[in-house]
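Scroll down for the structure; my scribbles are underneath it.
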Amino acid sequence: MNQPAFRAPKGTFDFVPPRGEAILAVRDAMAEPLRHAGYGYIETPSFEETALFARGVGESTDIVTKEMYSFTTRGGDEVTLRPEGTAPVLRAALENGLHRGALPVKLWYSGSYYRYERPQKGRYRHFSQVGAEVLGTEDPAVDAELIVLAMDAYRSLGLTGVHVVVNSLGSEESRPAYRAALQEYLRGLDLDEDTARRVEINPLRVLDDKRPEIQAALADAPVISDFLSAADRSHHDMVRSLLTDAGVPYRDDPRLVRGLDYYTRTLFEFVHEGIGAAQSAVGGGGRYDGLSELIGGPRLPSVGWALGADRTLLAMEAEGLPLPGRSGVDVFAVPLGEEAARTLFGVVAELRRAGVRADMSVGGRGLKGAMKAADRSGARLAVVIGERDLAENVAQVKDLESGEQQGVALADVLGHVTKRLASPA
RNA sequence: GUGGCCGUAGCUCAGCAGGUAGAGCACCUGGUUGUGGUCCAGGAUGUCGCGGGUUCAAAUCCCGUCGGUCACCCCA
């Protein structure tokens with residue numbers, strides 16, 4: 001194969017039509033429930049000071065230790081392409097004083113994220129997600145609300161294989177006791193070097209290890225639920241019962257932990273089986289009551305999630321769902337000759353301004369070729385003009401499904417076409 | 001960072017007891033000097049990923065390299 005001079009960087013890929021429309025439609029579908037629930041849109045830069053992630057996400061996480069796209073600017077600043085959205089959004093909220101107004105502050109966002117990893121199915125160096133954060137309340141209702149909104153989004157895309165898994169990691173008060181107990185248990189196991197190190201740095205993440213021998217060794221490990229304070233327990237119970245009230249089934253997984261250090265209490269993941277053996281999460285999130293203080297802000301208990309747009313598209317493809325997103329036109333103009341092309345150019349512009357999705361054949365193709373293009377465009381109607389029509393000031397409007405064609409005065413094309421499109425095919 | 005598999009036309013792939021490249025789909029033209037979808041006829045397109053080796057001869061065998069992909073660790 002003739003190698004193109006340039007290709008997409010390792011771990012990245014392009015969305016070309018019709019998948020291009022599909023990924024856009026997925027993002028729209030994820031945002032829709034949020035916009036209807038009073039969430040405001042926030043947009044932050046694609047990169048931040050490296051220290052924001054180091055402190056916010058956690059020095060001991062894999063994200064920070066080996067997966068960040070970091071570089072030094074010409075001015076000597078250390079910056080990093082954002083590996084996740086929560087820390088930047090919280091930073092922006094604090095910087096803009098959003099937390100000084102009425103609480104909670106509900107925000108949503110959509111954009112690109114970057115992690116320097118070895119790519120595989122569903123895991124890329126550049127990915128896109130839609131996120132939502134509710135800042136400034138401990139009310140379990142918002143934890144549940146977010147989960148419900150996410151499930152509504154998945155359902156609106158037609159997905160049936162997305163399941164919610166929930167857990168509670170406990171508050172800053174109760175988690176240390178669990179951490180210590182787990183650590184003690186893990187130290188008693190015969191573990192490989194890397195895992196042993198992880199036991200010392202972040203023992204909870206060992207629970208996430210997928211290797212069967214590790215999972216077997218964890219069978220008798222202490223469980224977080226035994227360490228939850230009364231307040232933590234009632235918070236978690238409330239979240240779960242609200243989910244039940246909202247008709248959202250969920251699964252408890254006391255082993256669920258996630259790769260970011262800032263989570264407290266509620267933790268959840270949206271899983272799907274179709275996106276590769278290694279990863280099953282199409283979205284996830286949790287509560288982060290201490291993150292604001294970690295990055296120098298006031299106490300601001302909050303909860304949020306991020307849904308992976310490209311992973312969700314993979315899940316849809318795995319379920320055999322048709323690609324979402326509509327492109328194409330309703331009307332396709334076919335000119336015969338230069339004079340007709342000039343006339344149709346104006347007609348098409350008029351149609352488009354009136355809100356009719358329209359395209360026309362260009363490049364001086366023959367009638368047959370132009371009609372073929374009309375057919376491929378998926379348009380319902382073709383507007384054909386040739387010399388004879390020009391002389392009579394008419395256009396031929398052809399129904400591309402039935403093949404019926406009728407002459408319409410040039411001045412009436414817009415009205416005629418609009419009327420035809422308004423009636424069902 | 002580690003391992004498996006794979007690189008042939010725009011796409012999906014065949015060809016591999018070595019003899020110098022094919023199919024389907026897609027695309028273009030014509031059959032129909034003003035009408036698409038079906039049909040028929042014709043056409044264009046490949047440094048067979050790259051480099052080296054073996055051989056009279058390599059898409060085919062060997063080595064290396066690059067790229068892709070899947071998986072591990074971990075994550076959306």
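In what follows, chains are A, B, ... by sequence order, proteins preceding strands, each numbered from 1. Keep in mind the model is a prediction, meaning the values are calculated, not measured.
One can find a donor-acceptor pair under 3.5 Å joining the base of C74(B) and the side-chain atoms of Arg123(A). For Asp375(A) against G36(B), a side-chain N or O and a base N or O form a donor-acceptor pair under 3.5 Å. Between the side chain of Gln405(A) and the base of U35(B), at least one donor-acceptor pair of N or O atoms lies under 3.5 Å.
Nucleic acid contact for Ala281(A): sugar-phosphate only, since backbone atoms but no base atoms lie under 4.0 Å from a heavy atom of the residue. Within the nucleic acid shown, Gly122(A) comes within 4.0 Å of at least one base atom, counting heavy atoms only. Residue contacts shown for Gly366(A) are absent, as no nucleic acid heavy atom lies under 4.0 Å away. Residue Gly386(A) is classed as a base contact, given a heavy-atom separation below 4.0 Å to a base.
For Arg118(A), no side-chain nitrogen or oxygen approaches OP1 or OP2 of G3(B) to under 4.0 Å. One finds a side-chain N or O of Gln120(A) lying less than 4.0 angstrom from the OP1 or OP2 phosphate oxygen of A71(B). For C28(B), the OP1/OP2 oxygens have a side-chain nitrogen or oxygen of Arg365(A) closer than 4.0 Å.
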Dot-bracket line, read 5' to 3' along RNA chain B, where crossing pairs take [ ] and | marks a partner on another strand, Watson-Crick or G-U under 3.5 Å: (((((((..((((.....[..)))).(((((.......))))).....(((((..]....))))))))))))....

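Atom name P, nucleotides C56(B) and G51(B): the rounded distance is 22 Å, in whole Å.
Whole-Å rounding puts the Met68(A) CE to C74(B) C1' distance at 15 Å. When rounded to the nearest whole Å, the span between OH of Tyr124(A) and P of C70(B) equals 5 Å. When rounded to the nearest whole Å, the span between CD of Glu401(A) and C1' of G37(B) equals 11 Å. Put simply, CZ on Arg125(A) is 13 Å from C1' on G67(B), counting in whole angstrom units. Put simply, CE on Met30(A) is 14 Å from P on A76(B), counting in whole angstrom units. Across the protein-nucleic acid pair, Ile275(A) atom CD1 and A71(B) atom P stand 10 Å apart, rounded to whole Å. Whole-Å rounding puts the His126(A) NE2 to A76(B) P distance at 17 Å. In this structure, Arg27(A) places its CZ atom 14 Å from C1' of A76(B), rounding to the nearest Å.
Taking the 5.5 Å centre cut-off and the 30° plane limit, the aromatic side chain of Phe127(A) is classed as stacked on A76(B).
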What does the list of N/O pairs under 3.5 Å between the protein and nucleotides 38-43 of chain B look like, with a distance for each?
none

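The nearest heavy atom of RNA chain B to Gly284(A) and to Asp399(A) marks one nucleotide each, and the one closer to the 5' end goes with Asp399(A).
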